[in-house]
Amino acid sequence: MLTRIWLTYKHHRFETIAILAVCLGVAVAALIEAFRLNSMNVPFHCFQDYRGPYYPGPGQPVPDAATLKCNSLVEGFQGILQGVDMSLVRGLLVFAPILAGIIVGAPLVAREIEQGTAPLSWSLSGSRRRWLLGKVLAGILLLVPMMLAVGFAADILQGADSPGLNVHAAFESYASRGVIDVFWALAAFAGTFALGTMLGRTLPAIILALVVCFFVRVAWEPAMNHYVLWSFAKSNPPLTINGYFFGQVDIPLYEKSYIDGKEATSDEVQAWYIRNEPAIDAPTPDPNATPNPSASSAPGQVVPVVPAQPPADLAFPNYVSYGIPGAWYWNVVALESGILLAGSVFLGAIAFVWVDRRRPY
Amino acid sequence: MGSDAGASFAPAAASAALVAHGLSKRFKKKVALDAVDLQVPAGSVTALVGPNGAGKTTLIRVCMAFERPNSGRVAVDGVDPWKHRSEALRRVGYVPQTPAVYRGLSVEDHLSMARSLHSGFDSEIARRRLDQLGIPLDQRADTLSGGQAAQLGLAVALGTRARILLLDEPLANLDPLARREFIQVLLDAVRTEGSTALLSSHIVTDVEDACDRLVILGGGKVRLDCPLEEARRAHRLTEIDAPPPGATAIGSFLGKGGQKVMMLWKLEAGDGAEPAGAPAGESASLEDVVLGYLAAGRGTAGLQLN
């Protein structure tokens, strides 16, 4: 079996080298970007105190040196995040598993049929399934370590991108980092080699797989949220807002509205707002407000008008979010990986059945 | 036996390495094999001759379980390849028409792959054959000449030590020298191992010296199935209007030079014995026999001169 795996790599050397180069390249690029972000050494409080890129603005008091340094550090950090190289690396991190799976999977059987070597192999092997197993193992052994490298590099980049975020307890970009990358690659691989087995042509298999995988990838998260995670969210307690402002910790799936402690429909909420509109919109002088010298310099304006505030006794409708808390990260990753793995096994099984029935030319 | 004139020849050997009975294969409306009955005796080198599209490749592909027959049965060394593929293929060495080599893999890699796929593969046999032909093992297979690639295919097939060798027009793309070398290696191997070979070709002269049995396939039917010598002895060639006494007309075709229409006759003593009295006409060459039966298969009208 080892000989066959080695010869599979040798026969598909272009794909093998391309996958090694691209995956390691993407992983190293992600680590370099993470290193650049980390090397900024931005203290966490600077993010909280960040005043924007043009701080201090005209007319604003000049802050102290520490605040200015903080602001410029965050600006540098944001600059790296918004750079072209970072966008490119992030894009590659999302699509690298799928592309790798397609590139490895498409020629696995199709090239043998195209180049006329399948009759030779199949006449020698007797069992086509055993022959295919050797090739599939070669693909898996190439993809798994490469995707682990890419996935972990993506995790590290996410950690650097969102300071203080526990990437294994938060759902920010969770479907394109970590171990789930391995399963994306395996699903694309299985689907593509099944297509290659059925079509017997490499290029059509690649094109078809690209189209299908693109739509599956785009639809994945909405579909998972709607069809799978929704049912878990219903049995969960409401999400608690933790006030963290970097990245998505939880997956909020739906909200419920409450008026005076009772669950209300959207129509009831709308009716409440219509009923209370005059009270909400009426500008109210704020007895605690202090004049702000920078707010307006118009002569004669003594009492500043503050934004509308409802009367203190007005109880607004209360919105409560339900969803999947960040603490469920591993459960969700395991669930989605399992679904992708089941899909891979199903598609692989189609290929194994098909290869036994198809002509070798 | 075939359904036409040649059907009266009895099988040469009771123990057959390859048997087809009522074998039919259709591709949509095209009939590739039409109720083919065939027995290839064990230890023989049988030529499977016919024009392009006669069904030679389809017959071999059915034996290799690459194609499923629509009806009929085939047995390779007693095993139905479609029902027991692994078992059947263990008994068969296959050489395809176009030398199938893996691009980027060396000759040695091909032997390694064959060994990893076929438990009984003997690399030494293959290596020895290639060594005799001066084919370097470390050479990339896609840089081999057509003849060398065909020899590699044959060496791999021989390395399996299969009882039956199925060779699907392996000579078609080879130059005359490469053809002769190929045939020689094949014959040496068959004699040494005592195996059976079915060698398909549409060029009669290629197989004339190598084979001891002839099967003519035309339009998906077996036109003739007999020992090679018998095929030569039992036929006469005359001009169309000069039949030998007591002979059966087989088919007419343009003679050499394209000036005369010649008729192939089968002598009554179809068992190969020389008939009493000197039959009229000249001895038919193997090519004449093949042309006569193929003309019979497709109807003579298209071959006659006005």
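The basis for the numbers below is simple: all heavy atoms, side chains too, and nothing from hydrogens, waters or symmetry mates. First the proteins, then the strands, lettered A, B, ... as listed; each starts at 1.
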Highest number of heavy-atom pairs under 4.5 Å with chain A among B/Asp109, B/Thr160, B/Val156 belongs to B/Asp109
Highest number of heavy-atom pairs under 4.5 Å with chain A: which of B/Glu67, B/His118, B/Met113?
B/Glu67
Checking heavy atoms, do the side chain of [X], its backbone, both or neither come under 4.5 Å from chain A?
{"X": "B/Arg61", "value": "side chain"}
{"X": "B/Arg103", "value": "both"}
{"X": "B/Val95", "value": "neither"}

Among A/Ser121, A/Gly116, A/Gly134, single out the residue with the greatest number of heavy-atom pairs under 4.5 Å to chain B.
A/Ser121
Hey, which of A/Arg357, A/Arg13, A/Arg128, A/Glu112 has the most heavy atom pairs under 4.5 Å with chain B?
A/Arg128
Would a distance-only check, ignoring hydrogens and angles, find a side-chain to backbone donor-acceptor pair under 3.5 Å from [X] to [Y]?
{"X": "A/Arg177", "Y": "A/Val167", "result": "yes"}
{"X": "A/Ser176", "Y": "A/Val94", "result": "no"}
{"X": "A/Ser344", "Y": "A/Ala187", "result": "yes"}
{"X": "B/Lys25", "Y": "B/Arg68", "result": "yes"}
{"X": "A/Ser127", "Y": "A/Arg130", "result": "yes"}

Rounded distance (nearest 0.5 Å) linking atom CD of B/Gln139 with atom CG of B/Leu105
13.5 Å
Where does A/Pro360 contact chain B at under 4.5 Å (heavy atoms): side chain, backbone, both or neither?
side chain
What part of A/Trp122 gets closer than 4.5 Å to chain B, counting heavy atoms only: side chain, backbone, both or neither?
both
Distance alone, cut at 3.5 Å: any donor-acceptor contact between the side chains of B/Asp168 and B/Thr57?
yes
